[in-house]
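Only one structure is covered here, and it is reproduced in the block below.
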Amino acid sequence: MQIPPSIISGMNGFQAAQTDLTQATIDIAGASQSVAGTSVVAAEDTTQALVDVAQASINAQASAEVIQTSYDMLGSIIDIKV
């Protein structure tokens, strides 16, 4: 089993968070266009989509920290070698 470099993992995580955020915003827009008779279902859909937005935001922040840490580590290695 091959373990990818941390920078690749961070980038993949960040891209996944962007995809999740895009889908959540599409879900929110779709719920706001629902018919008045289905307002309860639309409210539940909107609530879940807002939770998905928060989760995507947290995932993006965590992935950004992985990327930053990877850059910091690489900088330290280069400083030690030079």
TODO: Enter the distance from T22:OG1 to D52:CG here, rounded to the nearest 0.5 Å.
DONE: 12.0 Å
Open item on the list: Working note: D27 + Q23, criterion side-chain hydrogen bond (donor to acceptor under 3.5 Å, both in side chains); need CA distance, chi angles, decisive distance, verdict.
Closed with: CA-CA 6 Å; D27 292 345; Q23 185 59 50; 2.9 Å; yes
Task: Qualifying residues under side chain to side chain donor-acceptor pair (under 3.5 Å), relative to E65, sequence neighbours excluded - done: none
Please tabulate, one pair per line, all N/O donor-acceptor pairs under 3.5 Å involving side-chain atoms of residues 3-20, not counting sequence neighbours.
from, atom 1, to, atom 2, distance (Å)
S6, OG, S70, OG, 3.0
N12, ND2, I8, O, 3.4
T19, OG1, Q15, O, 3.0

TODO: May I ask you to test the L21-N59 pair for a side-chain heavy-atom distance under 4.5 Å?
DONE: no
- [ ] For D72 and Q68, test the side chains for any donor-to-acceptor distance below 3.5 angstrom and give the result as yes or no.
- [x] yes
Open item on the list: Has T69 got a side-chain atom pairing as donor or acceptor with V66's backbone, closer than 3.5 angstrom?
Closed with: no
